[in-house]
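Note that this is a predicted model, so its numbers are computed, not measured. Atoms considered below: every heavy atom in the structure, side chains included; atoms not considered: hydrogens, waters and symmetry mates.
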Amino acid sequence: MFRFSIRSSAQQSDAPKPAASKKQPPAQLSEKTSETASKPKTTEPAPQESSSDKDKDKEEHYDMTEQPPVETHHQITVDGKLLKYTATAGRLPIKRGDGKIEAEMFYVGYTLDGQDAAKRPLTFAFNGGPGSSSIWLHMGALGPKRVVLNPDGFMPPAPYHMEDNPYTLLDKSDLVLIDAIGTGFSRAADSELNKKFWGVKGDIEAFGEFIRLYITRNERWSSPLFILGESYGTTRAAGIAGYLADRGVSFNGITLLSMVLNFETLEDTKTNDEPYIFLVPSFTMIAGYHHKLAPDLAQDMKRAREQSEKWASTDYAQALARGDALTAQERQNVIDQLSSFTGLTKEVVDEANLRIDVRKFTHYLLIDQKVRVGRLDGRYTGPDPNGLMDTPFYDPTGSATMPPFTSVFNNYLRTELGYKVDMPYYVMAREAGFGKWDWGPAIEGFPDTATAMRQAIVKNPYLKILVMEGYYDLATPYFAANYTIDHLNLPPKYRDNISYATFDAGHMVYLPMDGLKKMKADQAAFMEKATAQ
């Protein structure tokens with residue numbers, strides 16, 4: 001998960017007015033200053049400014065006036081078929097009970113022209129963080145345009161470009177890409193209201209209300225409905241499914257990409273060793289990718305992964321459960337095996353007390369080459385920015401993906417989609433002053449929306465679930481996701497509604513071109529199954 005520091009930022013403009021056409025874009029809006037903007041000088045002395053006035057000047061207040069969305073018309077050829085579609089960019093209001101707008105959520109919707117809305121599937125998609133915009137799914141996987149990367153998904157040289165996405169989901173479903181409040185162009189009315197939405201409960205309620213309002217205003221209540229969430233977006237998706245199940249909104253299918261529903265599988269403590277267990281198979285896959293495994297394991301990575309899974313869930317789990325009660329020989333046996341499955345030296349395993357976390361693994365796997373491997377995608381590597389021993393933590397994945405996605409998407413929004421505003425598009429909520437996420441009452445233990453997912457599943461026996469996972473992902477390890485699904489306590493007929501898709505990729509399985517192709521095929525097959533009942 002991400003942690004951000006609070007910082008101030010300038011107050012931004014409100015939403016744009018709709019464009020009549022690409023040749024007549026909406027007038028660009030000026031960035032607003034604080035409510036106490038400077039006035040013409042006079043000869044009279046200025047009044048003494050109190051500390052409370054200064055505090056008010058520091059607050060951010062955004063214009064919540066509703067504006068019509070911007071519509072543009074486009075076409076794309078997918079699998080040899082010409083598709084004409086409408087792109088709609090705008091913001092929907094999130095209101096409290098008395099109708100006052102507390103926030104506006106930015107979205108881009110894509111609808112295929114000339115379709116029967118009652119039969120046309122509609123997919124709501126979003127990324128996670130918490131505190132990430134949906135730029136990644138939008139321009140990397142689902143939308144009609146994609147950022148041009150190298151075929152293996154690695155960063156190309158600047159300047160960056162986009163191209164038609166041959167594997168867009170638009171031929172199978174209308175799409176709505178939603179940005180969480182504090183990301184993209186989504187804003188709460190003021191900084192105090194951010195606290196309401198920057199938490200598990202408030203975030204789920206905001207997205208749930210967005211979906212309800214979207215299908216209401218666009219008359220899509222009768223459409224087959226789908227959710228596709230990535231990373232913390234899967235936490236949110238499960239929560240939304242449970243939240244809306246009691247409000248008359250049912251989904252045909254939910255796709256959980258790089259899943260985390262129960263944070264007990266990710267967050268280790270002195271008495272919770274589960275995350276160490278679930279990381280081992282991913283360590284094995286990444287070590288194999290970087291040629292750090294012994295030949296007997298490296299020659300068959302499928303077999304190596306299966307052996308790693310079995311050992312981690314049996315011998316290793318039992319050894320960690322015994323803690324200090326291990327004999328010297330038993331402890332040495334674990335050191336030998338864990339070193340073999342991770343590619344780390346026995347000295348590192350010993351010094352880590354048999355417990356290798358993500359930070360240790362990414363630092364030490366290629367330390368002989370003085371580079372760190374990625375957390376979001378273990379295939380990525382890079383030198384530590386502040387030096388090998390002086391960088392607390394660094395993920396080369398972000399450095400390789402942030403520049404091309406940010407550059408291309410900002411240009412795309414303002415040119416092809418005609419959404420012309422001075423307001424900055426926040427890829428991450430830290431730019432909006434994100435400082436703390438409310439994980440809910442600590443007395444209830446680790447954050448968990450698996451319970452909400454189970455409730456949605458048992459209340460709707462037709463609901464299908466697709467779990468997509470990458471073998472090189474250390475942020476949400478696939479073995480942890482499988483464990484969570486296996487512990488939903490579902491009757492057999494409900495378990496049959498859950499399927500899996502695995503990828504030789506990281507957290508963003510769609511970055512490599514072959515991963516994107518497979519993701520499209522798996523998602524299309526899943527949607528066909530979910531609507532043919």
A.B. asks: Once you round to the nearest 0.5 Å, how far does CD of Glu351 lie from CG of Leu344?
C.D. replies: 11.5 Å
A.B. asks: Mark yes or no for whether Arg355, through its side chain, and Asn353, through its backbone, hold a donor-acceptor pair below 3.5 Å.
C.D. replies: yes
A.B. asks: Taking Asp268 for the side chain and Glu274 for the main chain, is one N or O donor matched with an acceptor at less than 3.5 Å?
C.D. replies: no
A.B. asks: First locate atom OG of Ser308, then atom CZ of Phe283, and finally report the distance between them rounded to the nearest 0.5 Å.
C.D. replies: 10.0 Å
A.B. asks: Under the rule for side-chain contact (heavy atoms from CB on, under 4.5 Å), what residues qualify as partners of Ser250, not counting sequence neighbours?
C.D. replies: Asn460
A.B. asks: Which pairs with one or both residues in residues 492-518 pass salt bridge (charged side-chain N to carboxylate O under 4.0 Å, His left out), sequence neighbours excluded?
C.D. replies: Lys518-Asp522
A.B. asks: How about Tyr510 and Trp136: are their ring centroids closer than 6.0 Å?
C.D. replies: no
A.B. asks: Under the ring-ring contact (aromatic ring centres under 6.0 Å, His included) test, which residues partner His138, sequence neighbours left out?
C.D. replies: Tyr110, Phe409
A.B. asks: Any donor-acceptor pair under 3.5 Å linking the side-chain atoms of Ser133 with those of Thr183?
C.D. replies: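 No, no side-chain donor-acceptor pair sits under 3.5 Å.
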A.B. asks: Applying side-chain contact (heavy atoms from CB on, under 4.5 Å), can you list everything that pairs with Lys302, at least two apart in sequence or on another chain?
C.D. replies: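 Partners of Lys302 by the side-chain contact (heavy atoms from CB on, under 4.5 Å) criterion, ordered by chain and then number, come out as Asp300, Arg305, Glu306.
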A.B. asks: Can you list, pair by pair, the side-chain donor-acceptor contacts under 3.5 Å of residues 292-299, counting residues two or more places apart and other chains?
C.D. replies:
unit_1	atom_1	unit_2	atom_2	d
Lys292	NZ	Asp368	OD1	3.3
Lys292	NZ	Asp368	OD2	2.9

A.B. asks: Could you tell me the separation between the CD1 atom of Ile356 and the OG atom of Ser339, rounded to the nearest 0.5 Å?
C.D. replies: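 Here the interatomic distance stands at 9.0 Å.
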A.B. asks: Please step through salt bridge (Lys or Arg N to Asp or Glu O under 4.0 Å) for the pair Lys370 and Asp384, ending with a clear verdict.
C.D. replies: CA-CA 8 Å; Lys370 295 183 172 57; Asp384 291 274; over 6 Å; no
A.B. asks: Which is it for Thr476 and Asp473 under the side chain to side chain donor-acceptor pair (under 3.5 Å) test, yes or no, and what are the steps along the way?
C.D. replies: CA-CA 6 Å; Thr476 56; Asp473 177 12; 2.5 Å; yes
A.B. asks: Can you name the one residue among Leu365, Leu366, Ile367 that meets side-chain contact (heavy atoms from CB on, under 4.5 Å) with His363?
C.D. replies: Ile367
A.B. asks: Taking ring-ring contact (aromatic ring centres under 6.0 Å, His included) as the definition, give me every residue that meets it alongside Tyr472, ordered by chain and number, with sequence neighbours left out.
C.D. replies: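 Partners of Tyr472 under the ring-ring contact (aromatic ring centres under 6.0 Å, His included) test: Tyr289.
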A.B. asks: Go through the structure and list residues passing ring-ring contact (aromatic ring centres under 6.0 Å, His included) with Phe207, not counting sequence neighbours.
C.D. replies: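 Only Phe126 meet the ring-ring contact (aromatic ring centres under 6.0 Å, His included) criterion with Phe207.
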A.B. asks: Between Gln337 and Asn333, does a side chain to side chain contact (heavy atoms under 4.5 Å, CB included) hold up when you go through it step by step?
C.D. replies: CA-CA 6 Å; Gln337 284 291 90; Asn333 290 342; 5.8 Å; no
A.B. asks: Excluding sequence neighbours, so at least two apart, what forms side-chain contact (heavy atoms from CB on, under 4.5 Å) with Asp164?
C.D. replies: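 Only Ile76, Lys145 meet the side-chain contact (heavy atoms from CB on, under 4.5 Å) criterion with Asp164.
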A.B. asks: Strictly under 6.0 Å, is that where the ring centroids of Tyr478 and Tyr471 end up?
C.D. replies: yes
A.B. asks: With rounding to the nearest 0.5 angstrom, report the OG1 to CG distance, Thr451 to Leu261.
C.D. replies: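 The distance works out to 9.5 Å.
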A.B. asks: Show your reasoning for whether ring pair (Phe, Tyr, Trp, His ring centres under 6.0 Å) applies to Phe154 and Tyr380.
C.D. replies: CA-CA 8 Å; Phe154 291 173; Tyr380 287 77; 4.6 Å; yes
A.B. asks: Please set out all donor-acceptor pairs under 3.5 angstrom arising from side-chain atoms of residues 484-492, sequence neighbours excluded.
C.D. replies:
unit_1	atom_1	unit_2	atom_2	d
Thr484	OG1	Ala480	O	3.2
His487	ND1	Tyr483	O	2.7

A.B. asks: Evaluate side chain to side chain donor-acceptor pair (under 3.5 Å) for Thr397 paired with His507, printing each intermediate quantity in order.
C.D. replies: CA-CA 10 Å; Thr397 318; His507 196 68; over 6 Å; no
A.B. asks: Show your working on salt bridge (Lys or Arg N to Asp or Glu O under 4.0 Å) between Arg379 and Asp377 and close with a plain yes or no.
C.D. replies: CA-CA 5 Å; Arg379 300 174 306 134; Asp377 192 325; 2.9 Å; yes
A.B. asks: Are the side chains of Leu257 and Met508 in contact, using a 4.5 Å heavy-atom criterion?
C.D. replies: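 Answer no - side chains too far apart.
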A.B. asks: What's the spacing between Ile181 CD1 and Phe197 CZ if we round to 0.5 Å?
C.D. replies: 4.5 Å
A.B. asks: Roughly how far, to the nearest 0.5 Å, is OH of Tyr500 from CE of Met468?
C.D. replies: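 Atom-to-atom, Met468:CE and Tyr500:OH are 14.0 Å apart.
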A.B. asks: Go through the structure and list residues passing side-chain contact (heavy atoms from CB on, under 4.5 Å) with Glu205, not counting sequence neighbours.
C.D. replies: Lys201, Tyr243
A.B. asks: Using modelled atom types only, decide if a donor and an acceptor are shared between the side chain of Thr255 and the backbone of Leu228 within a distance under 3.5 Å.
C.D. replies: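 No, Thr255 side chain to Leu228 backbone: no donor-acceptor pair under 3.5 Å.
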A.B. asks: Check the pair Tyr425, Asp179 against side chain to side chain donor-acceptor pair (under 3.5 Å), reporting the backbone distance first and the verdict last.
C.D. replies: CA-CA 10 Å; Tyr425 184 91; Asp179 287 333; 2.7 Å; yes
A.B. asks: Any donor and acceptor pair, going by atom type alone, linking the side chain of Asp438 with main-chain N or O of Gly440 inside 3.5 Å?
C.D. replies: yes
A.B. asks: Applying side chain to side chain donor-acceptor pair (under 3.5 Å), which residue pairs with at least one partner in residues 313-325 are found, sequence neighbours left out?
C.D. replies: Arg322-Glu330
A.B. asks: Where does the angle between the aromatic ring planes of Phe278 and Phe479 fall among parallel (under 30°), tilted (30 to 60°) and perpendicular (over 60°)?
C.D. replies: perpendicular
A.B. asks: So does Val358 get a backbone contact from the side chain of Thr362, meaning a donor-acceptor N/O pair under 3.5 Å?
C.D. replies: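 A pair under 3.5 Å: yes.
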A.B. asks: Can you list every salt bridge (charged side-chain N to carboxylate O under 4.0 Å, His left out) pair that touches residues 336-346, not counting sequence neighbours?
C.D. replies: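 Residue pairs with at least one partner in residues 336-346: Asp336-Lys346.
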